> 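Questions regarding the structure given below will be posed in turn.
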Amino acid sequence: MSTTASDPLAALGSLPGVPDAVDSVRKAVDRVYGHRVMRRRSNEVTAEAALRGSRGSAVLAGADWNLEEVRRRTDFSGEDEARTVGAALRLTAEAGRLLSVWRQSPLRVLARLHLVAAGGATPDDAVGRPRLAGEAVDEPLIEAPLPSAGEVAGRLEGLSRLIIAGGSAPALITAAVVHGELLALRPFGSHNGLVARTAERIVLIGSGLDPKSICPAEVGHAEQGRAAYVAALEGYTAGTPEGMAAWITHCGRSVELGVRESTAVCEALQRGAA
């Protein structure tokens, strides 16, 4: 990500299509928060959104399990797909505990997320730190050119400064940039997609847009499909105004699809069917 504006994230808000995406997301979130079920049973909606968001993130990481299998399963050791689903569930649970740290030390949060995702599956000296020169990255979905370790360190530091400084950018834009930057950099040797999507979740919650975490963007990313996800990311990595706008609007649509999912949960709870 690069821009010369004094508030670079806010400057992205003027890109074609982005103001409409921001407005559409805000209205969608307001609608689900206004659902009558949210007044009495919001904890149940949050729990279900967490489960469905975890499942969606795991799908994009190559573990396409149906929701009931994720709900039923208790052992996530063993085969690769089970470990991926387990990592996604652990990250979703961890996200809420890291909100207070994020604005002061985002790099510390990212390190913690990688530690949680790895869960002992990665050699100890590679867990919770950005990769070093010459270290391989296991991220088969993302085939964009891999930045050098030196570029990763510099861009992570720049991203950290932007987050700590705050600014006037809408939550959708900040979340999309955090998500896109982490996918583009792939700073860790593994689990970068899971970490990136969890960081997006943290921004959406911590910004106040989705404080109860009931709008799982991961559901929408999965629903739009891996091909669309990769294509949108290519726009981000290209760094053109059109590419950046396409990525932000893709993320916005993902949030809206997450809202639709939780609205369906609310309706089911209201009918006594969930």
Side-chain angles (χ1 to χ4, degrees), residues 1-2 8-9 53-54 57-58 60-63 76-77 80-166 174-206 218 221 229 233 236-237:
M1 181 198 64
S2 62
L9 297 183
S54 298
S57 192
L60 290 170
F76 296 97
S77 61
D80 287 347
E81 287 195 5
R83 289 199 298 270
T84 296
V85 175
L89 289 165
R90 290 193 302 273
L91 285 170
T92 299
E94 188 73 8
R97 293 191 280 266
L98 296 172
L99 292 171
S100 63
V101 184
W102 175 255
R103 285 297 297 270
Q104 287 73 43
S105 185
L107 298 185
R108 179 180 163 196
V109 169
L110 294 175
R112 174 63 185 168
L113 291 176
H114 186 243
L115 181 67
V116 169
T122 304
D124 288 349
D125 64 350
V127 173
R129 63 156 174 80
R131 55 187 166 84
L132 304 177
E135 291 184 336
V137 174
D138 179 16
E139 199 68 46
L141 176 62
I142 308 302
E143 298 179 354
L146 193 67
S148 69
E151 183 179 352
V152 167
R155 286 172 64 175
L156 280 178
E157 184 59 37
L159 182 64
S160 177
R161 287 196 299 269
L162 283 174
I163 293 166
I164 292 170
T174 303
V177 168
V178 167
H179 184 172
E181 192 73 353
L182 292 174
L183 281 181
L185 293 178
R186 283 146 288 165
F188 303 110
S190 62
H191 303 95
N192 289 287
L194 292 173
V195 168
R197 290 183 288 276
T198 305
E200 178 186 51
R201 172 184 284 267
I202 288 172
V203 173
L204 293 172
I205 300 169
E218 304 97 323
H221 287 303
Y229 187 65
L233 178 65
Y236 179 89
T237 58

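Atoms considered below: every heavy atom in the structure, side chains included; atoms not considered: hydrogens, waters and symmetry mates. As the structure is a prediction and not an experimental result, all values here were calculated from the model.
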> If you look at every heavy atom in Ser148 and Arg131, which pair is closest and at what distance?
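Smallest interatomic distance, heavy atoms only, reads C-NH1, 4.1 Å.
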> Nearest 0.5 Å please: distance from the CD1 atom of Ile142 over to the CG atom of Leu183.
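Ile142 atom CD1 to Leu183 atom CG measures 5.0 Å (nearest 0.5 Å).
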> How close do Gly62 and Glu81 get, counting heavy atoms only, and between which atoms?
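Scanning both residues, the minimum pair turns out to be O-OE2, 3.4 Å.
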> Minimum heavy-atom separation for Ala95 and Ile202, please, with both atom names.
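For Ala95 versus Ile202, the nearest heavy atoms are CB-CG1, 3.8 Å.
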> For the CZ atom of Arg112 and the OG1 atom of Thr198, what is their distance to the nearest 0.5 Å?
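Interatomic distance, Arg112 CZ to Thr198 OG1, rounded to 0.5 Å: 12.5 Å.
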> Kindly list each side-chain donor-acceptor pair under 3.5 angstrom involving residues 97-108, sequence neighbours excluded, with atom names and distances?
unit_1 : atom_1 : unit_2 : atom_2 : d
Arg97  : NE     : Glu94  : OE1    : 3.4
Arg97  : NH2    : Glu94  : OE1    : 3.0
Arg103 : NE     : Ile163 : O      : 3.1

> Within the side chain of Arg83, is there an N or O that forms a donor-acceptor pair under 3.5 Å with the backbone of Gly119?
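Absent.
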> Going by side chain to side chain donor-acceptor pair (under 3.5 Å), Ser57 matches just one of Arg197, Arg201, Glu218. Which one?
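Only one option passes, and that is Arg197.
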> Going by heavy atoms in the side chains, are Phe76 and Thr84 under 4.5 Å from each other?
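Side chain of Phe76 against side chain of Thr84, heavy atoms only: no contact under 4.5 Å found.
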> Let me confirm one number: the CZ-CD distance from Arg129 to Glu135, rounded to the nearest 0.5 Å.
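Rounded to the nearest 0.5 Å, the CZ-CD separation comes out at 4.0 Å.
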> Locate the shortest heavy-atom distance separating Phe188 from Pro130; write the atom from each residue and the value.
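The pair with the smallest heavy-atom distance is CE2-N, 3.9 Å.
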> Please report the shortest heavy-atom distance between Leu141 and Tyr229, naming the atom on each side.
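Of all heavy-atom pairs spanning Leu141 and Tyr229, the closest is CD2-CD2, 3.9 Å.
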> Counting C-beta onward and ignoring hydrogens, is there a side-chain heavy-atom pair between Pro187 and Leu182 closer than 4.5 Å?
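Pro187 reaches Leu182 side chain to side chain.
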> Taking Glu139 for its side chain and Asn192 for its backbone only, find out whether a donor-acceptor pair lies under 3.5 Å.
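Yes.
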> Output yes when a side-chain donor or acceptor of Ser160 lies under 3.5 Å from a complementary backbone atom of Leu156, and no otherwise.
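Not a single qualifying donor-acceptor pair exists.
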> Are any non-hydrogen side-chain atoms of His114 and Ser190 less than 4.5 angstrom apart?
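The answer is yes; the side chains approach within 4.5 Å.
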> Looking at residues at least two apart in the chain, or sitting in another chain, which of them share a side-chain hydrogen bond (donor to acceptor under 3.5 Å, both in side chains) with Asp138?
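Testing Asp138 for side-chain hydrogen bond (donor to acceptor under 3.5 Å, both in side chains), a comparison that skips the adjacent residues, returns none.
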> Taking all non-hydrogen atoms of both residues into account, name the closest pair between Ala88 and Leu194 and its distance.
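Minimum heavy-atom separation between Ala88 and Leu194: CB-CD2, 4.0 Å.
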